[in-house]
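Encoded as structure tokens, the structure appears first; notes follow it.
If you're wondering where the values come from, they're calculated on a predicted model, not measured in any experiment.
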Amino acid sequence: MDLRMDDARSEVTLTAGPLLLRPWRPEDAPALLGAYADPAMRRWAATRMADADDAAGWLAAQREGWVAGTRFGFAVTDTALGGELVGNVALKRAEPSSDTAEVGYWTTASARGRGVAPRALTALCDWAFATFAGDGLTRLELVHQADNEASCRVAEKCGFAPAGVLPAFPPAYPLAGHRHARSAAVEGISSADRRAGSAGTAGGRATPR
């Protein structure tokens with residue numbers, strides 16, 4: 001993984017093989033809406049994305065998170081496909097001094113089964129530990145709905161261990177959730193056989209993404 005500071009606000013870009021992870025941009029709105037048109041996204045994602053206004057609001061929230069230092073969202077693009085959007089990863093820190101942060105992700109329909117999710121999520125986790133360890137970050141958590149088996153596989157491939165079950169909390173979260181935790185950086189994921197096809201992690205008791 002390579003890290004490169006790319007502007008005065010200390011936003012970063014990350015690379016993992018052909019994947020480029022960068023902060024979201026206003027011009028990503030059409031691709032974002034296309035990603036959320038996928039039935040699997042509508043099933044797993046807590047966020048609803050119906051129109052251009054929804055997309056603009058979501059993208060504005062990503063920019064605000066960077067400024068506040070509470071949410072670091074990256075558009076995942078594939079340089080081998082001309083910069084096509086293939087997913088999203090995000091690190092959320094409710095408090096800058098907290099020792100725990102939450103990570104989440106989703107992938108587009110065309111990207112599933114190609115190892116995009118574990119590569120991108122591993123790059124995010126390695127960056128998080130490298131960047132925020134000095135601020136006390138020692139633990140990352142990943143939460144997903146209990147019946148999202150593919151997200152369990154992604155968590156395992158990224159070095160997350162099972163860390164408990166969260167009870168259902170209807171109506172927002174009608175099913176139980178699985179919590180996974182990672183407390184240290186692990187080797188990056190590059191093997192072509194490390195693949196999973198999950199749309200994403202939103203569900204259970206996880207915070208909407």
Side-chain angles (χ1 to χ4, degrees), residues 13-59 61-62 71-92 102-125 142-158 160 172-175 177-178 180 189-204 206-209:
T13 58
L14 314 176
T15 59
L19 301 180
L20 173 67
L21 287 62
R22 58 163 174 78
W24 285 89
R25 304 166 180 165
E27 57 266 31
D28 292 322
L32 179 64
L33 285 170
Y36 271 86
D38 171 33
M41 283 284 286
R42 291 198 295 270
R43 176 184 179 186
W44 297 117
T47 301
R48 295 296 172 257
M49 195 79 59
D51 54 33
D53 287 341
D54 289 342
W58 189 88
L59 291 167
Q62 309 313 301
R71 180 186 178 95
F72 303 91
F74 292 85
V76 182
T77 64
D78 191 331
T79 59
L81 298 176
E84 176 183 325
L85 177 70
V86 291
N88 168 69
V89 292
L91 173 76
K92 293 180 290 182
E102 183 183 353
V103 297
Y105 74 92
W106 51 255
T107 53
T108 63
S110 63
R112 288 168 213 148
R114 297 198 284 114
V116 168
R119 290 185 189 184
L121 189 58
T122 294
L124 176 74
C125 294
L142 174 71
V143 178
H144 63 81
Q145 194 164 286
D147 59 345
N148 192 341
E149 296 180 2
S151 280
C152 277
R153 295 194 295 271
V154 170
E156 181 181 3
K157 294 174 192 299
C158 294
F160 285 81
Y173 304 107
L175 297 179
H178 287 176
H180 304 263
I189 294 196
S190 59
S191 175
D193 63 350
R194 297 186 182 183
R195 299 176 179 175
S198 173
T201 59
T207 305
R209 310 188 196 288

What's the separation between atom [atom1] in [X] and atom [atom2] in [Y], rounded to the nearest 0.5 Å?
| X | Y | atom1 | atom2 | value |
| --- | --- | --- | --- | --- |
| His180 | Phe160 | NE2 | CZ | 9.0 Å |
| Leu91 | Arg71 | CG | CZ | 9.5 Å |
| Thr107 | Leu121 | OG1 | CG | 11.0 Å |
| Thr108 | Leu32 | OG1 | CG | 11.5 Å |
| Leu21 | Thr13 | CG | OG1 | 9.0 Å |
| Leu124 | Asn88 | CG | CG | 9.5 Å |

- Task: Determine which pairs satisfy side-chain hydrogen bond (donor to acceptor under 3.5 Å, both in side chains) with at least one residue from residues 25-35, sequence neighbours left out, and list them in order.
- Result: Arg22-Asp28

- Item | ring pair (Phe, Tyr, Trp, His ring centres under 6.0 Å) partners for Phe72, two or more places apart | Trp66, Trp127, Phe132

- List in chain and number order the residues that pass side-chain hydrogen bond (donor to acceptor under 3.5 Å, both in side chains) with Glu84, two or more places apart in sequence or in another chain; answer none if no residue qualifies. Ser110

- Going through the distances and angles, do His144 and Val154 end up as a side-chain contact (heavy atoms from CB on, under 4.5 Å)? CA-CA 11 Å; His144 63 81; Val154 170; over 6 Å; no

For [X] and [Y], which heavy atoms make the closest approach, and how far apart are they?
| X | Y | answer |
| --- | --- | --- |
| Trp106 | Ala35 | CZ3-CB, 3.7 Å |
| Ala120 | Val76 | CB-CG2, 3.9 Å |
| Leu19 | Arg119 | CD1-CB, 3.8 Å |
| Lys157 | Pro118 | CB-CB, 4.3 Å |
| Thr122 | Cys158 | OG1-SG, 3.5 Å |
| Tyr105 | Ser151 | OH-OG, 2.8 Å |

- Item | Backbone N/O of Cys152 and side chain of Glu156: donor-acceptor pair under 3.5 Å | no

- Item | Test item: Thr79 side-chain N/O and Pro18 main-chain N/O as donor-acceptor pair under 3.5 Å | yes

- Task: Look at the rings of Trp24 and Trp58 and say which category their plane angle falls in: under 30° parallel, 30 to 60° tilted, over 60° perpendicular.
- Result: perpendicular

